[in-house]
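Structure record follows, encoded as structure tokens.
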Amino acid sequence: MNLWFRLLLMLLRRPWRKPVSAFDTTVVRMRVWPLDLDLNRHVTNGRYFTLSDVGRMDYVLRSGAFRVALRHRAVPIVGDVWGKFRRELKLFETFEIHTRMLGWDEKWSFIEHRFVKDGRVLGIVIMRGLFRSSKGTVSPAEFAVELGLPEQSPALADWLAAWSASCDQLSGQLRAEEQ
């Protein structure tokens, strides 16, 4: 219920939030609630991934990506998620999620979510995902052009390309194990 409440709150605030370019950073402000905590009384690691969904939804709505998805009758699919935790968030602390597009390759789009408090990055969640319709995956380059971006992605950081390659290798290994 916690995620649904936060999504509803984000949607209720939406009419007052300005549209952004797909390369802009969106910011969602939140507070740590009791259901966000683990036994150590700080935000549980899995909750960062859930909270990233709220930041991503805000980004998709404000950047116009949802309109492009609707035209293609496509739904967003998260393929892989990675997190780096640096500092803890405790009960009732406020924080922000800064969401931005990092780039794309021939199949995946890469989104970054930074958890920020008092100007410090407490954690980062990286997501690679795509939009899939009944006709198949919508090319990230085609999606980018419809968002008013160049067809060619900015260069992906070496660590990001290596992470994506490792995800592909793991997927290949899992497919091989199933056969």
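Remember, it's a predicted structure, so these values are computed and weren't measured experimentally.
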Show me the donor-acceptor pairs within less than 3.5 Å that the side chains of residues 103-110 make with the rest of the protein, sequence neighbours left out.
from: Trp104; atom 1: NE1; to: Glu151; atom 2: O; distance (Å): 3.1
from: Asp105; atom 1: OD1; to: Lys107; atom 2: N; distance (Å): 2.8
from: Asp105; atom 1: OD1; to: Trp108; atom 2: N; distance (Å): 2.6

Could you pull out every donor-acceptor pair under 3.5 Å between side chains of residues 68-83 and any protein atom, sequence neighbours left out?
from: Arg71; atom 1: NE; to: Glu146; atom 2: OE1; distance (Å): 3.3
from: Arg71; atom 1: NH2; to: Glu146; atom 2: OE1; distance (Å): 3.4
from: His72; atom 1: NE2; to: Glu146; atom 2: OE2; distance (Å): 2.6
from: Asp80; atom 1: OD2; to: Arg128; atom 2: NE; distance (Å): 2.6
from: Asp80; atom 1: OD2; to: Arg128; atom 2: NH2; distance (Å): 3.0

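At a threshold of 4.5 Å between non-hydrogen side-chain atoms, the residues Phe95 and Leu51 count as touching. Side-chain contact between Leu89 and Leu122 is present, with heavy atoms from C-beta onward closer than 4.5 Å. Counting heavy atoms from C-beta outward, Thr99 and Asp58 have side chains that stay 4.5 Å or more apart. The shortest distance between side-chain heavy atoms of Trp33 and Phe92 falls below 4.5 Å. When side chains are defined from C-beta on, Glu96 does not count as touching Lys117, because their heavy atoms never get closer than 4.5 Å. Between Met57 and Val54, the closest side-chain pair of non-hydrogen atoms is not below 4.5 Å. Side-chain contact between Leu149 and Phe23 is present, with heavy atoms from C-beta onward closer than 4.5 Å.
Put simply, the side chain of Tyr59 gets close to the backbone of Ala22: a donor and an acceptor are under 3.5 Å apart. Remark: the backbone N or O of Trp163 is paired with a side-chain donor or acceptor of Ser166 at under 3.5 angstrom.
For Asp118, the side-chain contact (heavy atoms from CB on, under 4.5 Å) criterion is met by no residue, not counting sequence neighbours. Applying the side-chain contact (heavy atoms from CB on, under 4.5 Å) test to Thr94 and every residue at least two apart in sequence or in another chain returns Arg31. Applying the side-chain contact (heavy atoms from CB on, under 4.5 Å) test to Thr25 and every residue at least two apart in sequence or in another chain returns His98, Arg100.
Taking both residues in full, the closest heavy atoms of Asn40 and Asp38 are given as N-OD1, 2.9 Å, listed atom of the first, atom of the second, then distance. Nearest heavy atom pair, residue Leu160 against residue Ile126, reads CD1-CG2, 3.8 Å.
Hydrophobic cluster membership is shared by Val28 and Phe49, with clusters built from Ile, Leu, Val, Met, Phe, Trp and Tyr side chains linked at under 4.5 angstrom. Hydrophobic clustering places Leu147 together with Val138 (ILVMFWY residues linked when any side-chain heavy atoms are closer than 4.5 Å, directly or through intermediates). No continuous path of hydrophobic side-chain contacts links Leu130 to Val125 [ILVMFWY only; heavy atoms under 4.5 Å]. Both Met101 and Phe66 belong to a single network of hydrophobic side chains, linked directly or stepwise wherever heavy atoms of I, L, V, M, F, W or Y lie under 4.5 Å apart. Val60 and Ile97 fall within a single hydrophobic cluster, where Ile, Leu, Val, Met, Phe, Trp and Tyr side chains are chained together by heavy-atom contacts under 4.5 Å.
A distance of 5.0 Å separates CG of Leu37 from CG of Leu91, quoted to the nearest 0.5 Å. If you take OG1 on Thr26 and CZ on Arg56, they are separated by 11.0 Å, rounding to the nearest 0.5 Å. The CG atom of Leu61 sits 9.0 Å away from the CZ atom of Arg67 when rounded to the nearest 0.5 Å.
More than 12 heavy atoms of other residues, nucleotides or ligands sit less than 6.0 Å from atom CD of Glu177. Other residues, nucleotides and ligands place no more than 12 heavy atoms under 6.0 Å from the CG atom of Asp158.
Between Arg114 and Glu112 there is a salt bridge, since at least one side-chain N of the basic residue sits less than 4.0 Å from a carboxylate O of the acidic one.
Exactly one residue among Lys90, Arg47, Glu93, Glu88 makes a side-chain hydrogen bond (donor to acceptor under 3.5 Å, both in side chains) with His42. That residue is Glu88.
A ring pair (Phe, Tyr, Trp, His ring centres under 6.0 Å) check over residues 123-154, counting only residues at least two apart or in different chains, returns the pairs Phe131-Phe143.
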